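A short worksheet on the structure shown next.
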Amino acid sequence: MKRIVTIQDISCVGKCSLTVALPIISATGVEAAIIPTAVLSTHTMFKNFTCKDLDDQILPIAEHWKNEGITFDAFYTGYLASAQQIAKVIKLIDDLKTDGNLVIIDPAMADNGKLYPAFDEEFPKEMAKLCAKADIVLPNITEACYLTGTPYREEYVENFVKEVVEKLAAQGAKKVVLTGARFNGKYGVLLYDSEAKNYFYYNQEHIDAAYHGTGDIFSSAFTGSLVRGKSIEDSIRIAAEYTAHCIKITKETPGSSWYGVDFERAIPYLIDLLEG
Ligand code: PXL
């Protein structure tokens, strides 16, 4: 069985990071090992959240795994609680990386032109070092701007997006998968392969609603599909359609929670996409 290690926080309530990565990766038929990097009472869009940093566990866990001969088909990182944690995750990848495994980095740190509340302007600089190690990096447009030091724009044209994506790839990531890429009246996911120097764009229906955690849902479904053996283009399509479906059913259901989407009810749909 294929095995992913996903490294991100546990938000006890919030439908994001590990509480979505675990069920979604499992649903793709891939084993999910985890390193919880922090425990928060909720995600940081709630007020007064608690946070216990588990930073001191990252490298001892990695060392134990190394001694046990445990290997992974992919590393998949998401929200990391501090710049110091990023440095430890870089070391973990250096220690456990083999020729055959993939490094997939979701630089979960910002959206809608702003950093998440827990981060300062120094944080993206550390995250950029982790992204430089990635086989695949999965930013939204705000994150891609922060990572490359590009001023964020609410409205942009195709050339601007491509410039940002190519700058990010020039910093080291082999492939960039940009979510929420909106230009020329289209909406979707843009893939840039810096080795082949080509683009793939997956165009999808834009649903006028925004929820927290949808980036984590996309990244988890994408990583699970890819490690299960789907092509990168198919993994983008599956993850994009699954995420859109989660948003749609949440929007259509009165009384759904504001803090996340009903990804659980859409898991049968994800499995259909994977088997189709
Ligand atoms: O990727 C979303 C996310 C994950 N973890 C925590 C968060 C957020 C978004 O706000 O606050 C703790």
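Computation of the quantities below employed the complete heavy-atom set of this structure, encompassing side-chain atoms and omitting hydrogens, waters and symmetry-equivalent molecules. All figures in this text were calculated on a predicted structure; none of them were measured in a lab. For ligands, and for the atoms within them, numbers begin at 1 and follow the listed sequence.
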of all protein heavy atoms, closest to atom 3 (C) of ligand 1 is Tyr79 CD1, 3.8 Å
If you scan protein heavy atoms around atom 2 (C) of ligand 1, the nearest is Asp216 OD2, 3.3 Å
- Message: Tell me whether ligand 1 is touched by Met45 - counting only heavy atoms on the residue side and a distance under 4.0 Å.
- Response: yes
> Side-chain donor-acceptor pair under 3.5 Å between Tyr202 and Glu241, yes or no?
Replying inline: yes
Strictly distance-based, threshold 3.5 Å: is any side-chain N or O of Tyr76 a donor or acceptor partner for the main-chain N or O of Gly224?
no
Would you say Ser17 contacts ligand 1, with heavy atoms under 4.0 Å as the rule? yes
| request: Using a strict 4.0 Å threshold on nitrogen-to-oxygen distance, state whether Lys129 and Glu126 make a salt bridge. | output: yes
Any heavy atom of Thr44 under 4.0 Å from ligand 1? The part involved is both
(Q) Could you check whether Glu166 and Tyr199, counting side-chain N and O atoms only, form a donor-acceptor pair closer than 3.5 Å? (A) yes
Numbered in order shown, the ligand 1 atoms found under 4.0 Å of a heavy atom of Leu40 are 12 (C)
| query | Is ligand 1 less than 4.0 angstrom away from at least one heavy atom of Gly213? | reply | no
Are any of the N/O atoms on Asp9, whether in the backbone or the side chain, positioned under 3.5 angstrom from an N/O atom of ligand 1? yes
Near Ser11 (heavy-atom distance under 4.0 Å), the atoms of ligand 1 are 5 (N), 6 (C), 12 (C)
Here the atoms of ligand 1 under 4.0 Å from any heavy atom belonging to Ala108 are 1 (O)
| field | Pair Asp94 + Lys91, salt bridge at N-O below 4.0 Å | value | no
Is Asp73 salt-bridged to Arg3, cutoff N-O under 4.0 Å?
no
Under 3.5 Å, is there a donor on one side chain and an acceptor on the other for Lys15 and Ser257?
no
Inset, instruction - Kindly state whether the ring of Phe119 and the ring of Tyr146 have centres lying under 6.0 angstrom apart. - result: no
For Cys16 and ligand 1, answer yes if some heavy atom of the residue is under 4.0 Å from a ligand atom, otherwise no.
-> yes
